[in-house]
Amino acid sequence: MTRNVSVCWVTGLATLACVLLIGAGPSRPVPSVSYSSDAESWTRTLSDPLFDNDIRWVPGDRRSTELHVSNDTDDDGRLVLFVESRNPALREMLTLSVEGGDQAVRCTHISVPAHETLLVETTLELNVEASNETQSATAGIDLLVQWDKEDDDVCVGWALRNLVDGQEEAQP
């Protein structure tokens, strides 16, 4: 009889240990930053370009786009946006602005608090004094989006790297 009681105790303890270990898994998905163009389908990367690369820009053109960013982490962060173009003359005459953020030439950022979802409205404008060189071919404009948790001025560092490297084209 004592042997049956011992077997029952061991079986019960093993079952309890299994139940506790299975229940100790993560209670929610791994925290991450995700992006969406429609606030319904979310991914860790942007699948489509934010601006049409096949159009020609003329001086004074102003185009806007928007995306949603969800910061499901425990830390505040920022979304950094860089504008690039295959056409150096065009690239230097573009002004990038973000609603609620900074307006700058080619690079800006906006803060995204922890556990928040933001609609990021971005506008690109071609200076009215842009030369004819800016209209010679399709723009090939890329708006690069990068997540960042640092406090430094990322745009200054980015501009200095591009100046030193002589970078003509960035990868999306």
Side-chain angles (χ1 to χ4, degrees), residues 32-73 75-172:
S32 65
V33 176
S34 53
Y35 307 95
S36 174
S37 59
D38 59 8
E40 292 180 19
S41 56
W42 295 88
T43 59
R44 305 248 352 230
T45 60
L46 291 169
S47 57
D48 297 320
L50 295 171
F51 289 98
D52 184 357
N53 282 329
D54 295 328
I55 58 174
R56 292 178 192 257
W57 287 60
V58 296
D61 272 356
R62 181 182 180 107
R63 297 196 170 94
S64 297
T65 189
E66 59 185 36
L67 71 129
H68 302 265
V69 61
S70 178
N71 179 5
D72 190 31
T73 68
D75 299 314
D76 293 346
R78 64 184 174 182
L79 190 66
V80 182
L81 300 114
F82 309 96
V83 65
E84 275 296 336
S85 174
R86 294 183 297 260
N87 183 336
L90 176 69
R91 182 177 58 214
E92 297 304 321
M93 298 303 289
L94 289 168
T95 301
L96 174 65
S97 61
V98 175
E99 186 72 30
D102 297 329
Q103 178 175 342
V105 176
R106 299 182 55 203
C107 178
T108 189
H109 58 84
I110 187 168
S111 297
V112 184
H115 304 289
E116 294 278 329
T117 299
L118 290 180
L119 170 63
V120 179
E121 298 173 283
T122 304
T123 302
L124 267 178
E125 185 172 359
L126 181 59
N127 189 319
V128 295
E129 296 178 13
S131 68
N132 287 338
E133 292 175 12
T134 63
Q135 303 171 51
S136 62
T138 56
I141 291 175
D142 292 316
L143 183 61
L144 309 174
V145 176
Q146 175 183 327
W147 183 253
D148 186 53
K149 294 191 302 184
E150 302 296 323
D151 292 330
D152 61 345
D153 191 348
V154 67
C155 292
V156 169
W158 179 79
L160 289 174
R161 279 193 311 276
N162 283 333
L163 183 63
V164 171
D165 295 343
Q167 182 175 351
E168 290 294 325
E169 185 173 10
Q171 298 295 320

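In this structure, OH in Y35 is found 14.0 Å from NE2 in H68, a value given to the nearest 0.5 Å. One finds the OG atom of S97 at 10.0 Å from the CD atom of E121 (value rounded to the nearest 0.5 Å). Taken from CD1 in I110 to CZ in R78, the straight-line distance is 12.5 Å, to the nearest 0.5 Å. Note that CG of L79 and CG of L67 are 6.0 Å apart. Values are rounded to the nearest 0.5 Å.
Taking 4.5 Å as the limit, some side-chain heavy atom of C107 sits within range of a side-chain heavy atom of V80. Looking at T95 and N127, their side chains never come closer than 4.5 Å, going by heavy atoms from C-beta outward. Using a 4.5 Å heavy-atom cutoff, the side chains of N71 and E116 are not in contact. Residues W42 and T117 are in side-chain contact: their nearest non-hydrogen atoms beyond the backbone lie under 4.5 Å apart. Using a 4.5 Å heavy-atom cutoff, the side chains of T122 and T108 are not in contact. L124 is listed as a side-chain neighbour of W57, based on a closest heavy-atom distance under 4.5 Å. In this structure the side chain of V145 reaches within 4.5 angstrom of the side chain of L50, judged on heavy atoms.
Without hydrogens or angle criteria, D142 side chain to L144 main chain gives no donor-acceptor distance under 3.5 Å.
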D72 and H115: side-chain contact (heavy atoms from CB on, under 4.5 Å), yes or no, with the steps?
CA-CA 5 Å; D72 190 31; H115 304 289; 3.6 Å; yes

Could you go through I141 and L90, starting from their C-alpha distance and side-chain angles, then the distance that decides it, and tell me whether this counts as side-chain contact (heavy atoms from CB on, under 4.5 Å)?
CA-CA 9 Å; I141 291 175; L90 176 69; 4.0 Å; yes

Do L96 and L143 pass the side-chain contact (heavy atoms from CB on, under 4.5 Å) test, and can you show the C-alpha distance, the side-chain angles, and the key distance before you say yes or no?
CA-CA 9 Å; L96 174 65; L143 183 61; 3.9 Å; yes

Determine, step by step, whether L126 and M93 satisfy the side-chain contact (heavy atoms from CB on, under 4.5 Å) criterion, reporting the C-alpha distance in whole Å, the side-chain angles of both residues, the deciding distance to 0.1 Å, and the verdict.
CA-CA 6 Å; L126 181 59; M93 298 303 289; 3.6 Å; yes

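In this view, S64 and T123 satisfy the side chain to side chain donor-acceptor pair (under 3.5 Å) rule, not counting sequence neighbours.
Evaluation of the salt bridge (charged side-chain N to carboxylate O under 4.0 Å, His left out) test over residues 61-70, restricted to residues two or more places apart or in two chains, returns D61-R63, R62-E125.
Across all their heavy atoms, R91 and S85 have their closest contact at NH1-O, 3.3 Å. Between D38 and S36, the closest heavy-atom pair is OD1-OG, 2.9 Å.
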